[in-house]
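Worksheet for the structure shown next.
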Amino acid sequence: MGGKGYALWLFIIEIFVHFSTSSSSSSGNKVPAIIVFGDSSVDSGNNNFIPTIARSNFEPYGRDFFNGNPTGRFSNGRIAPDFISEAFGIKQSVPAYLDPAYNISDFASGVCFASAGTGYDNATAMVADVIPLWKEVEYYKEYQKKLRAHLGDENANEIIREALYLVSIGTNDFLENYYTLPERRCEFPIVQQYEDFLIGLAESFFKEIYGLGARKISLTGLPPMGCLPLERAVNILEYHNCVEDYNNLALEFNGKLGWLVTKLNKDLPGFQLVDANAYDIILQIVKHPSRFGFEVADTGCCGTGRFEMGFLCDPKFTCEDASKYVFWDAFHPSEKTSQIVSNYLIKKYLAKFR
């Protein structure tokens, strides 16, 4: 190739590289940050920094995380927000807001306010002395102030407006609160009354963060909670099958959340609230584990897999290969399950934000 031909070829490559990088950066910037609210399904370690027993910042938790680090995620590795953040080209994990190892420059592209053990209902957070949802919102307000001071109003407001918000919460309201303690059952003797009470709280929460600038939100409702190993373990009379009453309750409550999503999208201009329902995919995984590459679906990897979570997870009595298990402990999915569910949610519900 002559000198001119070589120069032309270099010029063409340079143009190609320029356009490919500029287009990839613009698509990557479509969602500049992942912001997380919720419970242990999405908590990346906030509970490490509050006085509560609802923690997981010790072995064997996190053994398949980067460097085998127990971060406070209730998993052997990463959880759904981490996979979603990576899929959106942002970063491989979303840090916990209360973790002093991170600062506002880290949080600018993703931050987690979630707290294991919390719910829509303030009374649920009191069961294990964790962060109530209203306090998660207070931290979010504090984060906004720090973000504006760090980046200036215009850039900070763009991140707040264009970020994808992940909300996963509600299971603890029923399993840790309503069906475990008497107070709410006395106040709401019919469970549907309690469901409606929670829907009212959810509506107030979404309106508040909308007022603070949030626009793109993914709401994940209840899983088939009757199929959690802990619930199956105590379902002795039905031979440790899934507790269908709990699954039916989850379906009913998710239906009400779907109604709320439709209502808020209609009422709030520019609001894009997505009903990212994971019930069906999780039920499919539990009912047909081998189709997804699993061997065990009725017990968790840790201990006997029936009752253990948190401090009861003894490293000496934990399975060797968590990827064979749908559940990591008696309540929480394994990293592999979280990745499968995340991929499903992205493809079915969140692709429009990419």
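Computed over heavy atoms, backbone and side chain alike; hydrogens, waters and symmetry mates excluded. Since this is a predicted model, take the numbers as computed values, not measurements.
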Review point. According to the interplanar angle, ranging from 0 to 90°, do the rings of Phe113 and Tyr97 count as parallel (below 30°), tilted (30 to 60°) or perpendicular (above 60°)?
Key: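 Phe113 vs Tyr97 ring planes: tilted.
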
* Asked: In terms of the angle between their ring planes, are Tyr194 and Phe188 parallel, tilted or perpendicular, with boundaries placed at 30° and 60°?
  ->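 If you compare the ring of Tyr194 with that of Phe188, the planes turn out tilted.
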
Does the side-chain contact (heavy atoms from CB on, under 4.5 Å) test come out yes or no for Thr220 and Asn277, once each step is laid out?
CA-CA 5 Å; Thr220 298; Asn277 194 328; over 6 Å; no

NZ/NE/NH1/NH2 to OD/OE distance under 4.0 Å, [X] and [Y]:
X	Y	value
Glu203	Lys263	yes
Lys135	Glu142	no
Lys91	Glu86	no
Glu59	Arg63	no
Arg73	Asp82	yes

[X] and [Y]: which non-hydrogen atoms are nearest, and at how many Å?
X	Y	answer
Ile169	Leu222	O-CD2, 4.3 Å
Asn177	Arg184	OD1-CG, 3.7 Å
Ala33	Ala108	CB-O, 3.4 Å
Asn247	Cys242	ND2-CB, 4.0 Å
Pro223	Ala250	O-CB, 3.3 Å
Gly77	Ser75	N-OG, 2.9 Å

(message) Applying side-chain contact (heavy atoms from CB on, under 4.5 Å) to Glu162 and Val31, what does each step give before you reach the verdict?
(response) CA-CA 6 Å; Glu162 299 298 333; Val31 169; over 6 Å; no

Mark yes or no for whether [X], through its side chain, and [Y], through its backbone, hold a donor-acceptor pair below 3.5 Å.
X	Y	value
Glu295	Tyr325	no
Glu176	Val127	no
Asn254	Gly221	no
Asn265	Val261	yes
Tyr165	Ile160	yes
Tyr143	Phe107	yes
Ser342	Ser338	yes
Asn57	Pro70	no
Asn172	Thr118	yes
Asp43	Ala116	yes

With a 6.0 Å cut-off (strictly less than), is the heavy-atom count around [atom1] of [X], excluding the residue itself, greater than 12?
X	atom1	answer
Tyr102	OH	no
Ile53	CD1	no
Lys352	NZ	yes

[Y] six-ring face occupied by [X] cation (under 6.0 Å, within 45°):
X	Y	value
Arg215	Tyr210	yes
Arg354	Phe88	yes
Lys347	Tyr344	no
Lys336	Phe294	yes

Exercise for review: Take Ser334 and Asn76, measure what side-chain hydrogen bond (donor to acceptor under 3.5 Å, both in side chains) needs, and give me the verdict at the end.
Suggested key: CA-CA 6 Å; Ser334 65; Asn76 57 301; 5.0 Å; no

Would you say the side chain of [Y] lies within less than 4.5 Å of the side chain of [X], judging by non-hydrogen atoms?
X	Y	answer
His150	Asn103	no
Thr299	Phe327	no
Phe307	Leu312	no
Trp328	Met309	no
Phe174	Leu249	yes

Do [X] and [Y] sit in the same hydrophobic cluster, where Ile, Leu, Val, Met, Phe, Trp and Tyr count as joined when their side-chain heavy atoms come under 4.5 Å apart?
X	Y	result
Val111	Ile84	yes
Leu283	Leu345	no
Phe74	Val130	yes
Val234	Leu181	no
Phe206	Trp259	yes

Between atom [atom1] of [X] and atom [atom2] of [Y], what is the distance when rounded to the nearest 0.5 Å?
X	Y	atom1	atom2	result
Glu308	Cys301	CD	SG	10.5 Å
Phe292	Thr337	CZ	OG1	10.0 Å
Ile90	Ser109	CD1	OG	7.0 Å
Asp280	Gln284	CG	CD	6.5 Å
Ile131	Asp39	CD1	CG	12.0 Å
Thr171	Met225	OG1	CE	6.5 Å

- Qualifying residue for side-chain hydrogen bond (donor to acceptor under 3.5 Å, both in side chains) with Tyr61, from Asp329, Thr318, Asn69: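 That would be Asp329.
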
Do [X] and [Y] get their side chains close enough for a donor-acceptor pair, meaning under 3.5 Å?
X	Y	value
Asp173	Thr124	yes
His332	Ser41	no
Asn157	Arg148	yes
Thr52	Asp129	no

May I ask you to check whether Tyr140 and Phe37 place their ring centers less than 6.0 Å from one another?
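Close enough - the centres of the two rings lie under 6.0 Å apart.
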
Verdict with reasoning, Val137 to Leu212, per side-chain contact (heavy atoms from CB on, under 4.5 Å)
CA-CA 10 Å; Val137 176; Leu212 293 168; 4.0 Å; yes

What's the verdict on side-chain contact (heavy atoms from CB on, under 4.5 Å) for Glu231 and Leu175, showing C-alpha distance, side-chain angles and the deciding distance?
-> CA-CA 9 Å; Glu231 304 310 324; Leu175 297 185; 3.7 Å; yes

Check your understanding: Is the SG of Cys302 found under 2.5 Å away from the SG of Cys319?
Key ->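 Cys319 does not pair with Cys302 as a disulfide (SG atoms not under 2.5 Å apart), so no.
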
